[in-house]
There are 2 protein chains.
Amino acid sequence: MAVTLKQVAEGAGVSPQTVSNVLNKSLLVKPSTRARVEEVIEQLGYEPNFAARSLRRSHTRTLACILYQRTPEPEPDPYAALVQASISTAARAAKHDLLIHTLLSGEPGELRVLEAMFTQRRIDGAVLLASDLPDDVLGLLAAWPHPVVLLDRDAPESGLPYVAATYAEGVRAAVRHVHGRGRQRIAFVGGPPQPLNRGAQSRLTGYHAGMRECGLDVEEGYVVAGDWGYASGAAALRQLFELPEPPDAVVAANDRMALGALHAARALGLRLPHDLAVTGFGDLDFARYLHPALTTVDLPVQDMARAAVQLLLNAVAGEVKSVTHRVLPTRLVVRQSA
Amino acid sequence: MAVTLKQVAEGAGVSPQTVSNVLNKSLLVKPSTRARVEEVIEQLGYEPNFAARSLRRSHTRTLACILYQRTPEPEPDPYAALVQASISTAARAAKHDLLIHTLLSGEPGELRVLEAMFTQRRIDGAVLLASDLPDDVLGLLAAWPHPVVLLDRDAPESGLPYVAATYAEGVRAAVRHVHGRGRQRIAFVGGPPQPLNRGAQSRLTGYHAGMRECGLDVEEGYVVAGDWGYASGAAALRQLFELPEPPDAVVAANDRMALGALHAARALGLRLPHDLAVTGFGDLDFARYLHPALTTVDLPVQDMARAAVQLLLNAVAGEVKSVTHRVLPTRLVVRQSA
DNA sequence: TTGAAAGCGGTACCAC
DNA sequence: GTGGTACCGCTTTCAA
């Protein structure tokens, strides 16, 4: 059996309460008493029981990171993995533990398990990696009394706190960049149209904005939907090159699809970037090592994760007045692929 | 305030005990009573309080996935991310939650925080992603009374349960493969030599074994150490090509370093795979999309994760007699790079 | 089959 | 500054 507070109290010849005091508000305890108690704690190797503490304090110093996954997922998402790792770091910096949970979209009662984590008081708050979160669940989420922040998606109308990046601007910058390099027929490989989600949508918006600014028309068939996976990028490229007028540039909505496109282009015998420019989105670690090195849009993942945890902790603390969202800047990273 | 069991009891006109019974061993409850209680539960939206339950039952149905990271880490490890995701899936399948925690190697008291999770009864068990775990901590771990399983590293002498793969055989297969393709000067880019760790070591062993079987000598300077990161693979390759007799094949201990090597080789003007064959290890999702597509060694990550969770759950349940380790097969995946 | 009471290991609130 | 006591919400005896 593990050592309890009561045993420490006995060992130090004080009451349980006093031990509790040295553990928490140790200011109230006389130095000599505290010293004695601490010695016994050390000696017995006492550690407070987490469950008992949570029960009494009714919070757990535990946050959840919820991945909302489309099913079937083409493959694990390296970007999500990165975000998650960043959140983990941010959480630990704030002395909280992190529970990882994946919600499978379309699973019966998908959100119930998240809600249960709250009602069971298992977690104090959750950050939702929500790029694929359909708009209609936002209403449900907003109606909850539980602290939740959305990451990787905006949600201005829902009133939910969120952290996003300037996706549209990023894609726009990519379009303008390739246009500046002399490309005229610029296609776009986007995220899944179904269910409609904001992450995919804002990238698409950025594409259209960029095209407009460059005075380019969006040709028939130049917008193709992928599923964020490598293979879908390859498929999209093949589809584009069956068009009567294939593009001379492809702007992809993430790095994975960009790599897939690169791959398929090569299989078609295209010289890169001569025959086709390709840009990605996300700047995954491998991007700079590809051939050609991928021109892409950097997302400030670390900062976003930190901001999300910060916002979440505010919400947990019940600070209503504070900032409820952050939109961080993206940055075009020019390499060889475009 | 959340709904409590007592309120359910009142609502159903029974004692708290009876409610508890329908929640747990519902066999003991008369069907009609159970139905009534369940109705009230449903109606009130009752969920049992996690802390109270853990306190009473003295287990948490929570597992931890501990990443043991060298510091500084060159970049987030996509392989670790994959493993972690797989463990998460395996844990959820076993109806356990997963806490993610990163131990920074060299941090003062690195292991104390893990031990604290146990003594505070925060978790029931932990799987350690232990490929970079130095040998000397194994002794400490083995002395603990807490359920722990090592993933991605063997540890036969410690008595700790572990799940590993046939790393040496995988590398050996890669060496034999490139030799079969006519390569004679085969170099090896391995993991960090310091601190000495088994994952790196067994890959190196496999290299030597493979060379021996092929009747090849390991030339001076043909074994270079990386740190698992992309950049280190690139640096290793450059270093190899400063040798009087550069290799005509490079076997890398992971895919990231292989990609780095590919990149550096191209920068040197080498034609791939004509001038240089490169193999990786791990078969990350991007491997098949590289140019040239990466010949690599597949690791059964899903199976390993499942096995690890299984072993851990056995250990938690105190099943001493059961299997304490698993070594899963690797598989050479031949593509274009070698 | 059900209920009463004790207690898991802490913390809050009250006296002293 | 310190100790007594109730109680967080649930499960486990033990009786009824």
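Per chain, numbering begins at 1; letters A, B, ... match sequence-line order.
Residue B/N21 has its side chain nearest to C/dT2 when only C/dG10, C/dG9, C/dT2 are considered. Considering only side-chain atoms of B/K30, the nucleotide from C/dT2, C/dT11, D/dT11 that sits closest is C/dT2. Of the candidates C/dG3, C/dT1, C/dT11, the closest approach to any side-chain atom of B/T33 belongs to C/dT1. Of the candidate nucleotides D/dT11, C/dG9, D/dT2, D/dT11 has the atom nearest to the side chain of B/N24. Listed candidates were C/dG10, C/dT2, D/dG9. Nearest to the side chain of B/T4 is D/dG9.
One donor-acceptor pair, N or O on each side, does fall under 3.5 Å between the base of C/dG7 and the side chain of B/R56.
The phosphate of D/dC8 has neither OP1 nor OP2 within less than 4.0 Å of any side-chain N or O from A/S58. In this model, the phosphate group of C/dG9 is not approached by any side-chain N or O of A/R53 to a distance below 4.0 Å at OP1 or OP2. Between B/R57 and the phosphate of D/dT11, there is a side-chain N or O to OP1/OP2 separation shorter than 4.0 Å.
As judged by a 4.0 angstrom heavy-atom cut-off over every strand, A/E47 is placed among residues touching the sugar-phosphate backbone only. As judged by a 4.0 angstrom heavy-atom cut-off over every strand, A/V19 is placed among residues making no nucleic acid contact. No contact: B/F50 has no heavy atom under 4.0 Å from any strand.
Rounded to whole Å, the distance from NE2 on B/H59 to C1' on C/dC8 is 14 Å. The separation between B/R121 atom CZ and C/dG9 atom C1' is 11 Å, rounded to whole Å. Between B/L44 atom CG and D/dG9 atom P the separation is 14 Å, expressed in whole Å. A straight line from NZ of B/K6 to P of C/dG7 spans 16 Å, rounded to a whole angstrom. Look at CG on A/L55: it is 9 Å from C1' on C/dC8, rounded to the nearest Å. Taking atom CD1 of B/I41 as the reference point, atom P of D/dC10 lies 10 Å away to the nearest angstrom. Taking atom CD of A/Q7 as the reference point, atom P of C/dC8 lies 11 Å away to the nearest angstrom.
For the residue pair B/T60 and B/R53, no side-chain donor N or O sits within less than 3.5 Å of a side-chain acceptor on the partner. Side-chain contact annotation: A/Y79 with A/D152, donor-acceptor N/O pair under 3.5 Å present.
Residues B/T18 and A/L5 each lie close to DNA chain C; by heavy-atom proximity, the contact nearer the 5' end of the strand is made by B/T18. DNA chain D is contacted by both B/P48 and A/Q17; A/Q17 maps to the nucleotide lying nearer its 5′ end (nearest heavy atom per residue).
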Point to revise | Evaluation steps, side chain to side chain contact (heavy atoms under 4.5 Å, CB included), between B/D303 and B/V163 | key: CA-CA 10 Å; B/D303 294 338; B/V163 175; over 6 Å; no
**Study point:** Residues A/R61, A/D124; criterion salt bridge (charged side-chain N to carboxylate O under 4.0 Å, His left out); working and verdict
**Key:** CA-CA 6 Å; A/R61 292 193 85 77; A/D124 295 341; over 6 Å; no
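For the pairing with B/L128, the side-chain contact (heavy atoms from CB on, under 4.5 Å) check across B/L133, B/V137, B/L160 returns one residue only, B/L133.
Stacking of A/R121 on the aromatic ring of B/F50 is not recorded, the 6.0 Å distance cut-off and the 45° axial limit not both being met.
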